[in-house]
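Remember, it's 1-based here, ligands and their atoms both numbered in the order they're listed.
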Amino acid sequence: EKERIFSLTASPRNEAGAVIALIDQTEAHDAERMRSDFVANVSHELKTPLTALSGLIETLSGAAQNDAEARGRFLGMMAEETSRMSRLVSDLLSLNRLEDADVITRRERLNLCDVIEAARRSLSDHAGARGISLVLQGCDAPAFLLGDADQLRQVFNNLIENAIKYGDENGTVTINVTREDHAALLRGPAIRVAVTDTGRGIGQEHIARLTERFYRVDRHRSRQVGGTGLGLAIVKHIIRRHRGWLRIASKVGKGSTFTVLLPAE
Ligand code: ADP
């Protein structure tokens, strides 16, 4: 069982004795630790590109100044580090908005297939660059639900992008949409979308932690492919706001399937 933390307060002593109170501080302590871990993580994530940038600036103002080829290369690297920072900041802002109870999630009637199709289109160049084909199944008919198109677009963007980033080169990413009259988990009609890749897979010990902010299986690989470590945390929040479920199944060396279950209209 988890260790609990108490604080002890005592009233001043008088003839009747003293009152001693034990106050359970475990939750306040956990919240404080999470907050300080989060600040440490964000600082670290920003520090890495900043350190790279200041090194590049130094090199550019020295030897590389008169070398056109080196100058171009270094400027390209600077642009990359800058866009890494802006991705991080925009993911942090998204996450912050999603955690704010006052920010509403729209409930508009929409065809989930349109949302998925838009996400797929915007990622087709990225997939093409890795020789990956994006296959969409089950969208010959519409899949209606009530939801927030922008937020749902972000869910499928993140899931498909991950499948491309961590999928095998020249592999396949399959997006399969099915409709269920009665999903036990939702006690009603549902739309199920499974995003499957033929990639490296994820060890069982990591799966439960994947949606934590900044949790990565392979930090180096995530950095290489331009990840922020926040994508799946954002996905989890949006699905929760739509009263849905996310299930992750994976086999190391074979690939992964991220399944989203959402209440249908
Ligand atoms: P990142 O920006 O690092 O991709 P995410 O929150 O989107 O952050 O994902 C967290 C981690 O989960 C990734 O760093 C990666 O290790 C792992 N991951 C996510 N999707 C996949 C996938 N389709 N195949 C293998 N690993 C994945």
Side-chain angles (χ1 to χ4, degrees), residues 34 37-38 40-42 44-49 52 80-99 116 119-120 122-124 126-127 129-136 151-176 193-241 245-260:
M34 270 172 67
D37 283 356
F38 181 63
N41 273 323
V42 171
H44 176 79
E45 297 292 334
L46 284 170
K47 192 107 211 282
T48 312
E80 205 171 293
E81 296 298 338
T82 313
S83 77
R84 175 189 303 284
M85 277 196 291
S86 44
R87 266 200 311 277
L88 177 64
V89 171
S90 78
D91 276 0
L92 281 169
L93 287 171
S94 296
L95 204 53
N96 198 43
R97 269 198 307 275
L98 289 166
E99 283 174 347
I116 296 171
R120 183 175 81 142
S122 72
L123 288 164
S124 67
H126 188 180
R130 303 206 66 227
I132 291 177
S133 34
L134 293 180
V135 178
L136 175 59
Q151 290 186 7
L152 290 171
R153 164 91 184 262
Q154 205 169 359
V155 165
F156 294 103
N157 227 79
N158 290 358
L159 293 180
I160 300 169
E161 190 171 16
N162 277 350
I164 297 170
K165 289 193 307 196
Y166 304 107
D168 260 352
E169 243 176 291
N170 304 318
T172 305
V173 171
T174 312
I175 308 149
N176 185 265
V193 186
V195 180
T196 303
D197 64 66
T198 49
R200 54 182 45 211
I202 305 158
Q204 289 305 313
E205 70 277 23
H206 297 292
I207 287 184
R209 300 196 57 193
L210 285 189
T211 57
E212 286 175 23
R213 302 185 279 199
F214 297 117
Y215 189 85
R216 289 141 160 153
V217 177
D218 179 346
R219 184 163 288 278
H220 177 71
R221 167 92 184 157
S222 163
R223 189 175 153 72
Q224 218 177 27
V225 295
T228 62
L230 296 174
L232 290 177
I234 292 172
V235 165
K236 178 183 73 178
H237 275 283
I238 297 174
I239 293 176
R240 188 183 287 162
R241 275 175 169 254
W245 289 77
L246 172 69
R247 209 183 59 208
I248 306 170
S250 190
K251 268 216 169 81
V252 174
K254 286 243 180 319
S256 316
T257 297
F258 287 73
T259 305
V260 179

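Nearest protein neighbour of atom 16 (O) of ligand 1, counting heavy atoms only, is Val217 N, 3.1 Å. Atom 8 (O) of ligand 1 has as its closest protein heavy atom Gly229 CA, 3.2 Å. Scanning all protein heavy atoms for the shortest distance to atom 3 (O) of ligand 1 gives Ser222 OG, 2.7 Å. Among all protein heavy atoms, the one lying closest to atom 15 (C) of ligand 1 is Tyr166 CZ, 3.6 Å. Taking atom 7 (O) of ligand 1 as the reference point, the nearest protein heavy-atom neighbour is Asn162 ND2, 2.9 Å. In terms of protein heavy atoms, atom 12 (O) of ligand 1 is closest to Leu210 CD2, 3.4 Å.
Thr259 has its side chain out of reach of Trp245: every pair of non-hydrogen atoms, C-beta onward, lies at least 4.5 Å apart. A heavy-atom distance below 4.5 Å is not found between the side chains of Glu45 and Thr228. For the pair Ser250/His206, no side-chain contact is recorded, criterion being any heavy-atom separation below 4.5 Å from C-beta on. At least one side-chain heavy atom of Phe258 sits under 4.5 Å from a side-chain heavy atom of Leu232. Using a 4.5 Å heavy-atom cutoff, the side chains of Arg240 and His237 are in contact. Within the 4.5 Å cutoff, the side chain of Val235 has no heavy atoms near those of the Thr211 side chain.
Expressed to the nearest 0.5 Å, how far CG of Asp218 lies from CD1 of Ile202 amounts to 12.0 Å. Distance check: Asp197 CG to Asp168 CG gives 8.5 Å after rounding to the nearest 0.5 Å.
Under 4.0 angstrom from ligand 1, there are no non-hydrogen atoms of Arg221. Only side-chain heavy atoms of Asp197 come within less than 4.0 Å of ligand 1; its backbone N, CA, C and O stay farther off. When non-hydrogen atoms are compared, ligand 1 lies under 4.0 Å from the backbone of Tyr215 (N, CA, C, O) but not from its side chain. With a heavy-atom cut-off of 4.0 Å, Ile202 touches ligand 1 through its side chain alone.
Atoms of ligand 1 found under 4.0 Å from any heavy atom of Gly227 (numbered from 1 in listed order, with element): 1 (P), 2 (O). Listed by atom number, the atoms of ligand 1 under 4.0 Å from Ser256 heavy atoms are 24 (N). With ligand atoms numbered from 1 in the order given, ligand 1 contributes 3 (O), 14 (O) to contacts under 4.0 Å with heavy atoms of Arg216.
Under a 3.5 Å cut-off, the side chain of Asn41 and the backbone N or O of Asp37 do form a donor-acceptor pair.
Considering backbone and side-chain N/O atoms, Gly231 comes within less than 3.5 Å of an N/O atom of ligand 1. Annotation: Thr228 places an N or O atom under 3.5 Å from an N or O atom of ligand 1; distance criterion only. For ligand 1, the polar-atom distance check against Leu232 finds a nitrogen or oxygen pair separated by under 3.5 Å.
Environment of CZ in Arg221: crowded, with over 12 heavy atoms of neighbouring residues, nucleotides or ligands closer than 6.0 Å.
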